[in-house]
2 protein chains.
Amino acid sequence: MSQVPPKRPLTLRDVSEASGVSEMTVSRVLRNRGDVSIATREKVQAAAKSLGYVPNKIAGALASQRVNLVAVIIPSMSNMVFPEVMTGISQHLENTDLQPVIGITDYLPEKEEAVLYEMLSWRPSGVIIAGVEHTDSARAMMANAGIPIVEIMDVDGLAVDSMVGISHRRAGRKMAEAILKYGYRSIGFMGTQMPLDHRARKRFEGFTEALAKGGIEIADREFYSGGSALAKGREMTQAMLERSPDLDFIYFSNDMIGAGGLLWLLEQGIDVPGQIGLAGFNGVDLIDGLPKRLATMDACRKDIGQMAAQIVADRWTEGAVQDPVSHVLTPKLSLGDTLKRK
Amino acid sequence: MSQVPPKRPLTLRDVSEASGVSEMTVSRVLRNRGDVSIATREKVQAAAKSLGYVPNKIAGALASQRVNLVAVIIPSMSNMVFPEVMTGISQHLENTDLQPVIGITDYLPEKEEAVLYEMLSWRPSGVIIAGVEHTDSARAMMANAGIPIVEIMDVDGLAVDSMVGISHRRAGRKMAEAILKYGYRSIGFMGTQMPLDHRARKRFEGFTEALAKGGIEIADREFYSGGSALAKGREMTQAMLERSPDLDFIYFSNDMIGAGGLLWLLEQGIDVPGQIGLAGFNGVDLIDGLPKRLATMDACRKDIGQMAAQIVADRWTEGAVQDPVSHVLTPKLSLGDTLKRK
DNA sequence: CTGAAAGCGCTAACAA
DNA sequence: TTGTTAGCGCTTTCAG
């Protein structure tokens, strides 16, 4: 039933001519809007299908001033964490006409600003953006965009509009408190270089703060950037224990380097968590299946994605300008098998 | 320097009025097109900046019939493989004015069709799509879109237009040949349920085919879906060895379940690769840092992304309709530490 | 170097 | 239930 391949993309007019129905009515059929008789509806659908017509949303968006796109701006795709947030967002948006569009910042503020500018120029119906730290210019763009803006993952800061996340400072504190409670005293920290990863930095700050409150200071620390997290965890754990053999706990800034550390310790026949305890952060499924379950704290990634999407979707359907919303979620601590010593 | 937050997004006209320069000239300045005197240029830039003007690409695209977007359609983001392809694509496109936009299909043909339709309705400048299996309708849409279409990852099939990837059937064969060459004879296979993952299926087919040529039949096999790949690898390896204790090799359809299997075997004190050899597929960095390096085959993910992006970018800049291109890459086998027995 | 006019393909609003 | 008329905010084209 298909036609000759067209050079010029088909337009409504083509469908209109092929079906003998006005452009306007064709448009109504194709969008399922307004009342159209079954007869014409079918005629139009048949014509559109046999021609292989694909609507032009650019023109549609310009005319209707509505764009069914939600800009999602995240630092990276290879971090494990963000795909899960995306899953939550997609899941919620599937019930709506909205579609997520992803932009990547590589943790760079200037790139974030550029990506935001680029995405706003498509006039999306909302923005979901990771973190609360942005350039002044980015902040201004968001404040002036006239669309819902949801800052996610982190609530330690001021939101432009709405906000869904956890307090990483508190997460760090809670982990420190658990570690102290279980009697560990000589504690090392290992994580990514943090100038750009604000959430990791806040966890670290909360962590040291709570330790200080317990009269303890970090016994050793090391930061890395680049490379396989698993391999880094392995190497750095070895190096740190050679340097500071008295450590009885290591707090890793994410589960993957924690997994690397865990594997190395087990290989050495070191008793975990008896001789040394371990904890990571995120609660990623990916490492289910290690010899021992790493203690960790769930960052509520999927929930965050869903709730953020919901805020945007609600404003989209209800149309009205609504008040900013803030949801502060509480991460759950899992002791796993590596934070148990009493 | 910033103004009162506008309800209505700003238009070129606003900048025109604020700067006392015609809309047309403002447009030229903002796009860096045509000759504009330095004086007016600066006047316009100042006005645009102080107002916080963000161009409307929807209108721009409609007027110019040019959209700087490339549709990238992949099955999943949580597969590790696809983020890496994306990295390759992004890297190449960063040198151009093009921007990738991602669509996810969840390995469902109907969803792929829907996503493709949605994306084509934004009139992108090209499509990069995983795999060569598509519904007839999807294939027709691509053939009629009048833009470069690059099917990636897999070259075992007919392309609509261009194609960049590896032969998974050949990859399976090569792995089988290596395994036989090293003297393994009782071989198990473990992988994802494959009706929808054509690439995994083709590897499996190539694998069994090459074994058959060597007079060997798969001794055991098992397929899974869902769950943490690492955990599945662990459980299924245990189950398979209880069922078929004579196995001397297991070929896993991806590195993550292979890693799970490896960890379990090492915990049991089983000699790898002496008593049993292992291999995975993909060559993901993620598992660098395991106690032993898993034998695997690199799927050339980043290269594939870069080459695909290049095909689209070339046509974008050179304008002219060009001939379809096919690049067949050759995956490299790594023996690692788990495929060595002689 | 700058400006005016005429659309791009569609949909809101109104008329029939 | 269907059709007509004006744009949406830009850029192309052509004229100064």
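We name chains A, B, ... by the order of the sequence lines, and we start the count at 1 in each one.
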* Looking at every strand, decide which applies to R31(A) at a 4.0 Å heavy-atom threshold: base, sugar-phosphate, or nothing. => sugar-phosphate
* Asked: Under 4.0 Å between a side-chain N or O of Y53(B) and OP1 or OP2 of dG9(D)?
  -> no
* Among the candidates dG7(D), dG7(C), dT2(D), find the nucleotide nearest to the side-chain atoms of A63(B). => dG7(C)
* Asked: Considering only heavy atoms from C-beta outward, does the side chain of L120(B) approach that of I147(B) to under 4.5 Å?
  -> yes
* Asked: So with a 6.0 Å cut-off around CZ of R31(B), is the heavy-atom count from everything else above 12?
  -> yes
* Record whether the side chain of R28(B) comes under 3.5 Å of the base of dG3(C) through a donor-acceptor pair of N or O atoms. => yes
* Asked: What is the distance, rounded to the nearest whole Å, between atom CG of L12(A) and atom P of dC8(D)?
  -> 19 Å
* Nearest whole angstrom, please: distance from the P of dG7(C) to the CD1 of I58(B). => 23 Å
* Asked: In terms of side-chain heavy atoms of T25(A), which of dT2(C), dT2(D), dC10(C) is nearest?
  -> dT2(D)
* Structure fact -> Distance col, row Q65(A):CD vs I58(B):CD1, nearest 0.5 angstrom, shows 8.0 Å
* Asked: Would one find more than 12 heavy atoms of other residues, nucleotides or ligands at under 6.0 Å from atom NZ of K111(A)?
  -> yes
* Which listed nucleotide (dA12(C), dG9(C), dT11(D)) is nearest to the side chain of T11(A)? -> dG9(C)
* **Short side-chain N/O contact from Q65(B) to OP1 or OP2 of dG7(C), under 4.0 Å** => no
* Mind calculating the distance between CG (L30(B)) and P (dC10(D)) to the nearest angstrom? => 9 Å
* To do: Please check if atom CG in D106(A) has more than 12 non-hydrogen atoms from other residues, nucleotides or ligands closer than 6.0 Å.
  => yes
* **Nearest-Å distance for atom pair CH2/C1', residues W122(B) and dG9(C)** => 13 Å
* To do: Verify the contact: side-chain N or O of T40(B) to OP1 or OP2 of dT2(C), cut-off strictly under 4.0 Å; return yes or no.
  => yes
* To do: Please report, rounded to the nearest Å, how far the C1' atom of dC14(C) is from the CZ atom of R33(A).
  => 18 Å
* Drop me the distance from T25(B)'s OG1 to R41(B)'s CZ, to the nearest 0.5 angstrom. => 10.5 Å
* To do: For N56(B), answer base if it contacts any base atom (sugar-phosphate contacts may also be present), sugar-phosphate if it contacts only those atoms, and nothing otherwise; contact means non-hydrogen atoms under 4.0 Å.
  => sugar-phosphate
* Rounded to the nearest angstrom, tell me the gap between atom NZ in K57(A) and atom C1' in dG9(D). => 20 Å
* Structure fact -> Closest to the 5' end of DNA chain D, once M24(B) and L62(A) are matched to their nearest nucleotides, is L62(A)
* Quickly work out the R123(A) CZ to dG9(D) P distance and round it to whole Å. => 9 Å
* Asked: What's the closest nucleotide to the S37(B) side chain, out of dG3(D), dT11(C), dT2(C)?
  -> dT2(C)
* To do: Map R41(B) and A59(B) onto DNA chain C by nearest heavy atom, then report which one ends up closer to the 5' terminus.
  => R41(B)
* Asked: Between dG3(C), dG9(D), dT4(D), which nucleotide gets closest to the side-chain atoms of S22(B)?
  -> dG3(C)
* Asked: What's the CZ-C1' distance between R13(A) and dG9(C), to the nearest Å?
  -> 11 Å
